Number of protein chains: 2
Amino acid sequence: MPHQIAIVGVGKIARDQHLPAISASPDFDLAATASRNAQVGGVPAYNDLASLLEAQDHVSCVSLCTPPQVRYGDARLALEAGRHVMLEKPPGATLSEVQDLIDLAAAKGLTLYATWHSRHAAAVAEAKAWLADKAIHKLDIQWKEDVRYWHPGQDWIWQAGGLGVFDPGINALSVLTEIYPRALHLSRAELRFPENRDTPVAADLTFYDAGGAQVTAAFDWLHAGPPCWDIHIETDAGTALLSEGGATFAIGGNPTQIGAEMPGEYPSLYARFADLIATGQSETDLSPMRHVADAFTVGRRTVVAPFEW
Amino acid sequence: MPHQIAIVGVGKIARDQHLPAISASPDFDLAATASRNAQVGGVPAYNDLASLLEAQDHVSCVSLCTPPQVRYGDARLALEAGRHVMLEKPPGATLSEVQDLIDLAAAKGLTLYATWHSRHAAAVAEAKAWLADKAIHKLDIQWKEDVRYWHPGQDWIWQAGGLGVFDPGINALSVLTEIYPRALHLSRAELRFPENRDTPVAADLTFYDAGGAQVTAAFDWLHAGPPCWDIHIETDAGTALLSEGGATFAIGGNPTQIGAEMPGEYPSLYARFADLIATGQSETDLSPMRHVADAFTVGRRTVVAPFEW
């Protein structure tokens, strides 16, 4: 029997990804939504999660699609009410609040799933397997997109805590930390802040790898035209390119065929959530978020031209 | 028989605190030092830790007193060479590098001790015990000092990764996270950066407490006159003040006598390090550093007047 799930925050990411994935999932039925301004036809709708949890006893799990700045309160509410919780990326505004949720879920014996959807892109597992036995010389991330196209009017991304270009950039970091065979840490970061915004529009990162590889990343939100979500890799066994945000992988210029039959990122996330609930586990790897916090902590800031939509 | 210990970084904090504490400790003998420009009379001196470790086989532990930006390399070197490691606060420049050291120490079966000296101030344990059963209404940290007096000429504190006013402020956060009966997380932060420096000179923090208390902190590095390192507390059982950086505690205006017979902060740290080695444990609570990273991540930045020494 499918789990009865509630969605909190019926915005762009919920409509584009979560609702279709739940619809297609054998593991979940959409039982209710909580959102200030939006609803889903035919499904009980509430203005806030507290009302939903009170009215819908049979909702056993909650998927939070709200912006990270407001996610903690709802996650805590759901866990306190005995519900399993799935978090969109990034799992919260601060590392400390997510740690608090991790401790609470453990104390309550509930599943907490901090998702990183890009890790479920079709070719990520293949890239990870290929890298595992290579001597890596160089890895360079180019993660560049047009914020006006991909985040139209989303003002929260420019507000303190909204992460700016690290909102897409954390996807790259979630893939990097998944495929890289060793722990990395930032040795240098340059963050460019528009003079009228609280979050950066671009960043250049350099990582230290105890294995000696050069590991770098460039994030840019003012990139015109089609997005570039690429990871270029040079090894003792030649070059490889993980591109389209992890969807395709090419070795020495030859695309592999792996991935074509893979489920989409979000169907894969919901399948994993069902597994975690079934086995009584949580999954809460914070390493992508920790790299972002490290970049804000050690990064040099420069001020650039104002950003207007 | 005492452990043979090496000090890395013979600077102000080593001379003021570590060397006297080791000198007075029954658990440690100073066997060697590694420092670019300084030495300690009568003790073998090396320019770098690699040479020291190679030459001094009997050195079983290393205490790192260098600035946080350069601490990782030496900590890794010492752990790789099978030595126990003690880290000054903060334990590193990034959370990710410290996590890497934690994992390495665990893999090697060595002790890693990330110290927070202010937690060993004379009255901190008393304040913690008193708070444990109180309903807290309000806690306010005032941590204000004159950077020119306390950090004369230490340019690294103004460089990216040097933390600025969070270098003393993290002491307050180490006490807060020790005495507070619940987990806290930042809900708001304002950071003031001198226009010619990479790190903040002042900060105002507001924490969220699931218990409902108002928890705030004000850090200021341009405070003239005697320093103020105070934590004001209001509870259902009256007010209390933990002052002088944790050295004295007063309830309802009446100083307690606890603490007068306590060992100093650094003797207490070295006693703890010896205990950890003896019991094969590590101690690496990163919560103060996590709050700082959170403040840099979610904080609003304002630019203030240039800072000159």
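A note on names: the letters A, B, ... follow the listed sequences, proteins ahead of strands, and every chain is numbered from 1. Because the structure is a prediction, the values reported are computed rather than measured.
- The choice from Arg188(B), Arg301(B), His291(B) that makes the most heavy-atom pairs within less than 4.5 Å of chain A is Arg301(B).
- Side-chain atoms of Asp100(A) do not come within 3.5 Å of backbone N or O of His185(B) as any donor-acceptor pair.
- There is no contact between Arg182(B) and chain A, counting heavy-atom distances below 4.5 Å.
- Atom CE of Met289(B) is separated from atom CG of Asp294(A) by 6.5 Å, given to the nearest 0.5 angstrom.
- Among Leu95(B), Val303(B), Val98(B), the residue making the largest number of heavy-atom pairs under 4.5 Å with chain A is Leu95(B).
- Distance check: Tyr72(B) OH to Tyr208(A) OH gives 5.0 Å after rounding to the nearest 0.5 Å.
- In this structure, no portion of Phe166(B) lies under 4.5 Å from any heavy atom of chain A.
- Looking at Gln99(B), the atoms closer than 4.5 Å to chain A (heavy atoms on both sides) all sit in the side chain, from C-beta outward.
- In this structure, the portion of Leu184(B) lying under 4.5 Å from any heavy atom of chain A is its backbone and not its side chain.
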Which atom pairs, one a donor and one an acceptor, fall under 3.5 Å between side chains of residues 87-94 of chain A and the rest of the protein, sequence neighbours left out?
from, atom 1, to, atom 2, distance (Å)
Glu88(A), OE2, His18(A), NE2, 2.8
Glu88(A), OE2, Tyr266(A), OH, 2.6
Lys89(A), NZ, Asp167(A), O, 2.8
Lys89(A), NZ, Asn171(A), OD1, 3.3
Thr94(A), OG1, Glu97(A), N, 3.1
Thr94(A), OG1, Glu97(A), OE1, 3.3

